[in-house]
Novice: 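Pasting in a structure now, in structure tokens, and then I'll have a few things to ask.
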Amino acid sequence: MSDAYDVQEVEARWQRRWEEEGTYQVDLDDPRPASYVLCMYPYPSGAAHQGHVRNYTFGDVLVRYRTMKGEAVLSPFGFDSFGLPAENAAIKGGSHPREYTEARIAELKASIRRLGAVYDWRREIRSHDPEYMRWNQVIFLELLKAGLAYRAEAPVNWCPGCQTVLANEQVLSDGTCERSGDVVERRNLKQWFFRITRYAEELVDALDGLDWPERVKTMQRNWIGRSEGAQFRMQVLEQPELHIDVFTTRPDTGFGMTYAVLAPEHPLVERLTTDDRRTAVNQILDQARHSSDIERLSSEGLLEKRGAFTGSHCINPFTGQPVPLYVADYVLGSYGTGAIMAVPAEDQRDYDFAKAYGLPVVRTVQPPDGFSDDAAFTGDGPHINSGFLDGLKTAEAKERAVQFLEEKEIGHRTINYRLRDWLISRQRYWGCPIPVIHCPIDGIVPVPASELPVLLPEDVDFLPTGESPLKNHEGFLNVSCPSCGGPATRETDTMDTFVDSSWYFLRFTDPFSQSAPVNLAAARRYMPVDQYIGGITHAILHLLYSRFFTRALADVGLGPAEVREPFSQLFCQGMIRLDGRAMSKSRGNIIPPGDYFDSLGADALRLFHLFAGPAVDDLDWNDQTNEIIEGCSRYLGRVWRLCTGEVVALADKGEAGGPLALRRAVHQAIARVSNAIERYAYNKAVADLMSLTNSIYDHVHAGTDEEIVDEAIKVLLELLAPMAPHLAAEAFERRYGEHVHTRAWPSADPTYLVVDEVTMVVQVNGKVRDRISVPPDISEEEATLRALSSEKVSALLGGSKPRRVISRAPNLVNIVA
RNA sequence: GCCCGGAUGGCGGAAUGGUAGACGCGGCGGCCUCAAAAGCCGCUGUCCGAGAGGGCGUGCGGGUUCGACUCCCGCUCCGGGCACCA
């Protein structure tokens, strides 16, 4: 075995073998313990880029590692194949979205295969496959039946660029579309929603138990936006039969309410506005209606022009005094009750507004000495001017205030969420049709199960009209009502593609099931996903929707009842940056891996991604990158030459420490590499493999016993197998005649982790002054004696007695002079 | 404004409160060669010193400790998230 390593031939051959031999195929009756490793399925945008390579390499290491650990690892792959780009390409170039998408899938799949990442391809899922669409539609109808899907008119986010509505989650905080960057407009439209808000509490509470990156959990918590407070009723002074409800998180500051504010959308605005105030109020309503969300939410602009007195008052239940009712755009109709009690002394927005309108400010919490006179104080402190709350701190005052409201039977404790229902309607072609029929007699009628899936018509024209081609397709549109048989029309909205990705991981457990979207037995075996891997970009959207779906499916009986969380462990790998910016197809700054596959091979590129830095960190692709990839390739060459026997003893090379030292190095490497993989510290795992390789070289050069060297090489290849799978497999098979990937992961023998000598550091006043070789079980006293007898130490001490000696045998002795 | 995260050689990065800089990239030197490439061996934080050796060093300022990259307090800069959500 001394021939050169033919990267292309070897890599292609092993890729074929893993597929043909079904090395990574698992089935329900597999006796090994099941586990599930999943990388987020990609939108098929064509040939892979380095982001894919990084992502799938990390996943592949785990699949191969856990397989060697004896688990039956479910490792499926699929494509999130519905979506706007295909349709836009169709409008531009004339190709059908299906052809376009399937061509991109073929490209991506080919480059993923060349990476040597292993999947059970029998299970491949593509969102646009009729089978998958059928189950998507079945799920939709079940959710509809359960009241978790509904249609409602609502002010929605309309993106003029995408010509469709967007979910709240798809609008960036600056009011632009996350896809096209266009400024999103508000429109009132009848749309389909999923009732994710029903799960708000559970979704936020369950975050605590998840082994997810803290920042992802924080982002979800922020997004769900739970706030505890109270809701209460206030009577209108001028029209006692009317009352307004407000929500507040600070019921304790009720005595400081000097006015109240209604959102422009509030249903009572009309009735509460007096004739003399109508012009001013209407101006605010008009302004709010015509403002985009960005303008509305911006703090720019004069407050004087953003609110108006209605002419009515309501009674502050705490003081019994009337306070003026305003309308202002800073209060949103869609949150809480659409009305607030305004406490300028303890809320900065209320404070600014009060100043602008000359409204009184009454402090009800005593600010600390030196606190500015010209600001709201939102901190804790003793209550003042607050009747029965005087002297109490915030927490207790809140309790008492709520008690007061409950006793008066005008209010109660409540929790509000920022989360809104998920808008899933899209006015586009390339998505899964919403399977309902609109009948003039029977209203909304579900498409009968026997007629599912509702497929997309193929013969459509893609014109840049901004309208869904489905709207004008007579054959698709016109149907007879399944209920009364009369003429009816099909729903032309398609589902948000995030619907597709919200349950594909459940389908993967048995994608062959003909009877249900999710095979409960299979889902029970594999779910939840043990290790989910993907980008932080999905921290909210995909991951929140998936958590919702998993619960919703469980509750309607389509998923295992006990599986409520889809992903028990989440890992978010860092992005790849080029010239300081995220590498992405849409930015046109991708580095395709193809050239590297052709020249240095997949193993070298994989090793680079693993070694370049911590997996969670962003990676800069720069001038140095190619040199490091070459370095990785060079390292693989070193391993290969070791295996082929090209490395021989050198006459002039001294001792390497003998066989025991090598064996120790081996077992230390096993322990370190295993630990590093478990912690996603792949860069360390590779570094440790390199160290081991260097040690083996030293021992071969020094002429260490061949049997021990052989044993070391064997372990080296086993440890290398998850990371550079092709080379490890080839070298192992040639040298040992076995398939390394079906072998058991080596375990470290503790007896070899113990050494018979360690280097003890001797410090004087915390500075390293000497290093002494000592036995590892040396006593503290003996260590101290040895340290004090060091010549370097006595020279420094100059005969004087040390004041103190700290002995941390066998690692260190610190002498305080 | 609030909440996270980060800052270590020329570069990417290692370090359960106990030898800072593992491993690699780059650089320098040597071996091999007619020569080169490849490969192999060695050196490589910085300053002073011929050397032995010593001083200084983990963004800045304090603190705790025998001992701090690591823990605490206060900053600076960079990255990310949230932000009229009552």
Side-chain angles (χ1 to χ4, degrees), chain A residues 173 213-223 225-227 229 246-250 253 260-261 263 296-299 303 306 328-332 334-343 346-350 352-353 378 416-420 536 539-540 607-608 611-614 616-620 622-632 634-635 637-638 641 646-648 650 652-653 672 681 683-694 697-698 701 759-771 792 802-808 811-817:
Chain A
S173 52
E214 214 40 61
R215 59 185 177 139
V216 174
K217 294 204 276 186
T218 304
M219 282 160 76
Q220 292 215 352
R221 270 187 208 107
N222 285 339
W223 186 262
R226 176 194 161 100
S227 44
V246 294
F247 171 73
T248 179
T249 54
R250 293 294 303 273
T253 62
V261 187
R296 176 92 181 261
L297 297 179
S298 155
S299 49
L303 276 171
R306 301 180 59 179
D329 67 354
Y330 82 90
V331 175
L332 307 176
S334 52
Y335 183 77
T337 58
I340 62 159
M341 67 171 206
V343 186
E346 278 89 34
D347 182 291
Q348 192 60 41
R349 290 156 307 181
D350 295 347
D352 295 340
F353 192 84
T378 55
N416 247 294
Y417 296 93
R418 205 187 74 118
L419 184 72
R420 306 293 151 76
I536 188 87
I540 298 173
L607 212 56
F608 162 76
F611 183 59
V616 283
D617 288 1
D618 285 353
L619 173 70
D620 258 314
N622 56 31
D623 297 346
Q624 219 199 157
T625 300
N626 280 332
E627 283 167 349
I628 301 176
I629 300 173
E630 279 160 25
C632 290
R634 215 155 38 224
Y635 166 70
R638 262 169 87 74
R641 284 188 297 279
E646 280 170 69
V647 186
V648 292
L650 300 178
D652 57 345
K653 196 66 186 173
R672 286 188 168 177
N683 56 329
K684 283 219 56 210
V686 176
D688 290 330
L689 286 177
M690 288 173 167
S691 290
L692 175 61
T693 308
N694 291 343
Y697 261 73
D698 287 344
H701 287 149
T759 302
M760 184 177 79
V761 169
V762 183
Q763 295 182 333
V764 177
N765 292 330
K767 286 189 175 159
V768 180
R769 294 301 179 182
D770 202 1
R771 296 183 169 89
K792 289 175 185 165
R803 281 197 300 160
R804 191 175 160 189
V805 179
I806 290 96
S807 184
R808 288 285 175 273
N811 299 313
L812 171 141
V813 171
N814 188 11
I815 297 157
V816 185

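Values in this document were obtained by computation on a predicted structure and should not be read as measured data. No hydrogens, no waters, no symmetry mates; every other heavy atom, side chains included, goes into these values.
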Novice: Between protein and nucleic acid, restricted to nucleotides 2-5 of chain B and to nitrogen or oxygen atoms under 3.5 Å apart, what atom pairs and distances do you find?
Specialist:
none

Novice: Do you know the tightest heavy-atom contact between A:M341 and A:T253?
Specialist: CE-OG1, 3.6 Å

Novice: Expressed in whole Å, how much space separates the P atoms belonging to B:rU19 and B:rC71?
Specialist: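 Taking atom P in both B:rU19 and B:rC71, they lie 16 Å apart.
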
Novice: With nearest nucleotides of RNA chain B determined for A:E627 and A:G338 from heavy-atom distances, which residue corresponds to the more 5′ nucleotide?
Specialist: A:E627

Novice: Measuring from atom CZ of A:R634 to atom CD of A:E627, what distance do you get when rounded to the nearest 0.5 angstrom?
Specialist: 8.5 Å

Novice: Taking atom P in both B:rG79 and B:rC28, what distance in whole Å separates the two?
Specialist: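 Result for the P pair: 35 Å, nearest Å.
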
Novice: Any idea which heavy atoms bring A:F247 and A:S227 closest together, and the distance?
Specialist: CZ-O, 3.6 Å

Novice: CZ of A:R418: more than 12 outside heavy atoms within 6.0 angstrom?
Specialist: yes

Novice: I want to verify a distance call: between B:rC82, B:rG24, B:rA86, whose nearest atom is closest to the A:R418 side chain?
Specialist: B:rC82

Novice: Is there side-chain contact between A:D620 and A:D618, with at least one heavy-atom pair below 4.5 Å?
Specialist: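 Result no, sub-4.5 Å side-chain heavy-atom pair not found.
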
Novice: How would you summarise protein contacts on nucleotides 15-23 of chain B per nucleotide, using B for base, S for sugar-phosphate only and - for none, with heavy-atom distances below 4.0 Å?
Specialist: S--BBS-BB

Novice: For each nucleotide in nucleotides 51-57 of chain B, reading 5' to 3', give B when a protein heavy atom comes within less than 4.0 Å of its base, S when such contact involves only the sugar-phosphate, and - otherwise.
Specialist: ----SS-

Novice: Atom CG of A:L607 and atom P of B:rC25: how far apart are they, to the nearest Å?
Specialist: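 In whole Å, B:rC25 P lies 11 Å from A:L607 CG.
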
Novice: Syn or anti for B:rG9, given that syn means the glycosidic angle lies within 90° of 0?
Specialist: syn

Novice: Who pairs with A:V816 by side-chain contact (heavy atoms from CB on, under 4.5 Å), at least two apart in sequence or on another chain?
Specialist: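 side-chain contact (heavy atoms from CB on, under 4.5 Å) check on A:V816 returns A:N765, A:R803, A:R804, A:I806.
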
Novice: Relative to the 5' end of RNA chain B, which residue comes earlier, A:Y335 or A:M219, by the nucleotide with the nearest heavy atom?
Specialist: A:M219

Novice: Base, sugar-phosphate alone, or nothing: which one does A:Y697 contact when heavy atoms must sit under 4.0 Å apart?
Specialist: sugar-phosphate

Novice: Go through the side-chain N and O atoms of A:Q348 and A:D352 and say whether any donor and acceptor fall under 3.5 Å apart.
Specialist: yes

Novice: On a whole-Å scale, what distance lies between the C1' atoms belonging to B:rG39 and B:rC77?
Specialist: 45 Å

Novice: When rounded to the nearest Å, what value does the distance between C1' atoms of B:rU58 and B:rU46 take?
Specialist: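 Taking atom C1' in both B:rU58 and B:rU46, they lie 13 Å apart.
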
Novice: Please examine the side chains of A:R672 and A:L692, heavy atoms only from C-beta on, and report whether any two atoms are closer than 4.5 Å.
Specialist: no

Novice: Counting only N and O atoms by type, is there a donor-acceptor contact under 3.5 Å from the side chain of A:Y697 to the main-chain atoms of A:R638?
Specialist: yes

Novice: Is A:L689 close to A:F611 at the side-chain level, that is, under 4.5 Å between some pair of heavy atoms?
Specialist: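 Side-chain contact under 4.5 Å: no.
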
Novice: Sticking with atom C1', work out how far B:rA14 lies from B:rU76, rounded to a whole angstrom.
Specialist: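 The same atom, C1', in both gives a distance of 26 Å.
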
Novice: Is it true that the side chains of A:Y330 and A:D350 contain a donor and an acceptor less than 3.5 Å apart?
Specialist: yes

Novice: A:R771: which residues meet the side-chain contact (heavy atoms from CB on, under 4.5 Å) condition with it, sequence neighbours left out?
Specialist: A:T759, A:V768

Novice: Between B:rG24 and B:rA7, how far apart are the P atoms? Round to whole Å, please.
Specialist: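 The same atom, P, in both gives a distance of 23 Å.
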
Novice: Can you check the distance between B:rG74 and B:rG5, where both ends of the measurement are the P atom (answer in whole Å)?
Specialist: 15 Å

Novice: So what's the dot-bracket for RNA chain B: Watson-Crick or G-U pairs under 3.5 Å, [ ] if a pair crosses, | if it pairs off-strand?
Specialist: (((((((..(((.....[....)))((((((.......))))))((((....))))..(((((..]....))))))))))))....

Novice: Please give me the minimum heavy-atom distance between A:T625 and A:N622, naming the atom from each residue.
Specialist: OG1-N, 2.8 Å

Novice: Could you give the CG-to-C1' distance, from A:D620 to B:rG13, as a whole number of Å?
Specialist: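 Value for this atom pair: 13 Å.
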
Novice: Could you measure between the two C1' atoms, the one in B:rG57 and the one in B:rA68, and give it in whole Å?
Specialist: 14 Å

Novice: Check A:G338 against A:V331 and note the closest heavy-atom contact, atom names and distance.
Specialist: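 Of all heavy-atom pairs spanning A:G338 and A:V331, the closest is O-CG1, 3.8 Å.
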
